[in-house]
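Below is one structure. I have some questions about it.
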Protein chains: 2
Amino acid sequence: MSSQPTPPADDVAAERAFLATYDAAAFPHPSVTVDVATMTTFDGALHALLVRRSDHPAKGRWALPGGFVGIEESLDGAAERVLRTKAGLGGIFLEQLYTFGAVERDPRTRVISVGYYALVEASRLTAAKPDVGETVLARIDVPWTGESGGPVRALDEAGRELPLAFDHAEILGLVVQRMRGKIDYAPLGFQLLPERFTLRQLQQAHEAILDRSLNKDSFRRSIITRGLVAATGETEKDVPYRPAELYRYAQAENG
Amino acid sequence: MSSQPTPPADDVAAERAFLATYDAAAFPHPSVTVDVATMTTFDGALHALLVRRSDHPAKGRWALPGGFVGIEESLDGAAERVLRTKAGLGGIFLEQLYTFGAVERDPRTRVISVGYYALVEASRLTAAKPDVGETVLARIDVPWTGESGGPVRALDEAGRELPLAFDHAEILGLVVQRMRGKIDYAPLGFQLLPERFTLRQLQQAHEAILDRSLNKDSFRRSIITRGLVAATGETEKDVPYRPAELYRYAQAENG
DNA sequence: TCTGCATATATGCTTCAAGCATCGAAGCGT
DNA sequence: ACGCTTCGATGCTTGAAGCATATATGCAGA
């Protein structure tokens, strides 16, 4: 805030003197990690990237990619680093979710975890090659119950439930809840689609997030009248029915 | 999550052995604090409790009450403790807001701050006696601009702008933004009023949060038809006009 | 080539909530 | 008794969403 008045010069000197003697390591601190839920949609459902833990604690269980926050690294920077190094992804939507601070959430020691979630189109996520052992794109099943979704389950392609490490089921539940609360007014759906998409694809992304079907005409009208999309004039190709027009995201030009 | 399968017995033994040798203090950690914005409404505006910093850094500036998170204390517990010890308040609405993790946000050392906000009725806040030096109930001015509010200013009763420490202006801006986004569907307004209140008082609380006037009839209809309030049969007293009926909050009974 | 099919896209009707104006009701003060 | 202020109800209008219907378009198969 550059509009704030500058303190008197002698206060500045006193502050400098204080800082020179401050001992940051004088008392025990909780550790801080970031955990990143990378979400995408396909087959009409939300999916998240999970990695199988190769070490204790929770060895063998499935977890969100995460890492400790460096001493000279911002939280956002740490989340970007985890996303880049553990999921092989960069330049995508990434937003802080919530911070989880229960004392016993990690059995090793006191760990506070700042949860993030990222959104990416499915083709980029399946093409990305994470360099961290065994991974899976798990279907995240959180039944629609109006407000705060139902129980959280992570399923593999065969429908088997994957056991999650730590409190990561809780984190994923909050990710889904946040996405459901936000998609009505924030352009989350576009982050899950390629640059050009049909309105049907956009609706399917919304339906996957919400876990409920939407009225087709109302959806189209709402998206178009709000000026969220612009027609490209092109149509989809190689479909066995009438091709739909391709649209692109048009960042709200209101006036 | 008790529904998860139990790992095999030998894995449990291996995990115990691992934990016995884990050294939590082996690498440098950022410190973690909580900062609590205690909000109330009166005179048609939002107000926040601020304390004047008596020590460096930022000596003399106004700050949100805060404190370091203990090694065996949850984040929510730390926020409750700060609220109790530094504002003299307990048993009120308290919710996590966002976590601020820029590297240079505190000049002492690396400090990550988990922001919380609390809501309380004005009479309880003015009656509470914080035991931490000089305090002020600052009017928080964030102009309504539709989406993400305007510039954040903290003003004393005379309208003078109070200089804020660290990134606390940013935190307060996010508090207001969160409250504005949430009040349409969450019962925030009731937290700012006594148990029994008139619909006019509730509307004034909403208007103070939003910094804009609301249509009286639409507001009444919306609140009543959503079943958010129940009439008590009593009316307000000692008013120089027709007394309005007193209502109380009725936690959404939908069926 | 013609026909059927699946989907896209446009149009109209109904329902419901919000904005807005009007009007009577209920207390208090002069 | 009268006027003032606010409460609280009623009705009208507008706009968005749900729903149904009708037409358009491209492909596949007879």
Side-chain angles (χ1 to χ4, degrees), chain A residues 43-44 144 146 180-181 183-187 189 193-194 196-248 250 252 254-255, chain B residues 43-44 144 146 180-181 183-187 189 193-194 196-207 209-248 250 252 254:
Chain A
D43 291 351
W144 168 265
R180 285 178 182 168
I183 193 161
D184 281 339
Y185 64 91
L193 297 173
R196 281 191 272 253
F197 52 86
T198 67
L199 292 180
R200 156 167 287 263
Q201 286 176 301
L202 183 60
Q203 179 170 354
Q204 285 173 338
H206 280 238
E207 291 176 338
I209 292 172
L210 294 172
D211 191 42
R212 70 189 184 93
S213 58
L214 300 173
N215 182 278
K216 177 180 163 182
D217 303 282
S218 299
F219 182 80
R220 293 171 58 87
R221 256 186 317 203
S222 170
I223 296 293
I224 292 174
T225 61
R226 281 192 287 168
L228 292 180
V229 295
T232 64
E234 302 172 68
T235 58
E236 56 181 344
K237 301 194 188 310
D238 297 327
V239 290
Y241 46 81
R242 171 179 172 180
E245 183 155 19
L246 291 171
Y247 290 79
R248 60 177 175 78
N254 44 7
Chain B
D43 290 349
W144 167 265
R180 285 178 182 167
I183 193 161
D184 281 338
Y185 63 91
L193 297 173
R196 281 191 270 254
F197 52 87
T198 67
L199 293 181
R200 157 168 285 264
Q201 286 176 301
L202 183 61
Q203 178 172 353
Q204 285 173 339
H206 281 239
E207 291 177 337
I209 292 172
L210 294 172
D211 191 40
R212 69 190 184 94
S213 59
L214 300 173
N215 181 276
K216 175 182 162 183
D217 305 281
S218 299
F219 182 80
R220 294 172 57 87
R221 257 185 317 201
S222 171
I223 296 293
I224 292 173
T225 60
R226 281 192 287 168
L228 292 180
V229 296
T232 64
E234 301 172 69
T235 58
E236 56 181 343
K237 300 195 188 310
D238 296 326
V239 289
Y241 45 81
R242 171 180 173 182
E245 181 155 19
L246 291 171
Y247 290 79
R248 59 177 175 76
N254 44 8

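Proteins come first, then strands; the chains are lettered A, B, ... in the order of their sequence lines, and each starts at number 1.
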_What is the separation between atom NZ on A:Lys237 and atom P on D:dG26, rounded to the nearest whole Å?_
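It is 11 Å, rounded to the nearest whole Å.
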*Might you point out which heavy atoms bring A:Arg196 and A:Thr232 nearest each other, and give the distance in Å?*
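In terms of heavy atoms, the two residues are closest at CD-CG2, 4.0 Å.
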*DNA chain D: 5'-proximal contact among A:Asp238 and A:Ser218 (nearest heavy atom)*: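 Checking each residue's closest nucleotide, the 5'-ward one belongs to A:Ser218.
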*Toward the 5' end of DNA chain D, which comes first, A:Val239 or B:Pro240, by nearest nucleotide?*
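Residue closer to the 5' terminus by nearest nucleotide: B:Pro240.
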*Could you state the CZ-P distance from A:Phe219 to D:dG18, rounded to the nearest angstrom?*
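The answer, rounded to whole Å, is 11 Å.
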*Of all the heavy-atom pairs spanning A:Leu210 and A:Leu214, show the shortest one and how long it is.*
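Heavy atoms only, the tightest pair is CD1-CD2, 4.0 Å.
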Review item, nucleotides 7-9 of chain C N/O atoms under 3.5 Å of protein N/O:
residue : atom : partner  : partner atom : Å
C:dA8   : OP1  : A:Arg200 : NE           : 2.9
C:dA8   : OP2  : A:Arg200 : NE           : 3.1
C:dA8   : OP2  : A:Arg200 : NH2          : 3.3
C:dA8   : N3   : A:Arg242 : NH1          : 3.0
C:dT9   : OP1  : A:Glu245 : N            : 3.0
C:dT9   : OP2  : A:Arg220 : NH1          : 3.4

_I need the minimum non-hydrogen distance between B:Leu199 and B:Arg220, along with the two atoms involved._
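Between these two residues, the closest heavy atoms are CD1-NH1, 3.5 Å.
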*Measure from CD1 on A:Ile224 to P on D:dG15 and round the result to the nearest Å.*
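So the two atoms are 19 Å apart, to the nearest Å.
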*asked:* Once hydrogens and angles are ignored, does a donor-acceptor distance under 3.5 Å link the base of D:dG8 to the side chain of B:Arg221?
replied: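 No, the side chain and the base share no sub-3.5 Å donor-acceptor pair.
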_B:Gln203: which of B:Glu207, B:Arg200, B:His206 passes side chain to side chain donor-acceptor pair (under 3.5 Å)_ =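 Testing each of B:Glu207, B:Arg200, B:His206 against B:Gln203, the sole residue satisfying side chain to side chain donor-acceptor pair (under 3.5 Å) is B:Glu207.
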_Testing the basics here: between A:Leu246 and A:Glu236, what is the closest heavy-atom pair and its distance to 0.1 Å?_
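Here A:Leu246 and A:Glu236 meet closest at CG-N, 3.9 Å.
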*Rounded to whole angstrom units, what separation is found between the CG atom of A:Leu214 and the C1' atom of D:dA17?*
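Between C1' of D:dA17 and CG of A:Leu214: 12 Å.
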_Under the rule for ring-ring contact (aromatic ring centres under 6.0 Å, His included), what residues qualify as partners of A:Phe197, not counting sequence neighbours?_
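Listed in chain order: A:Phe190.
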_Integer-rounded Å distance: D:dA17 P and A:Gln203 CD_ =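 After rounding, the reported distance stands at 13 Å.
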*Given atom CG of A:Asn215 and atom C1' of C:dT14, what is their separation to the nearest angstrom?*
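Rounding to the nearest Å, CG of A:Asn215 and C1' of C:dT14 are 13 Å apart.
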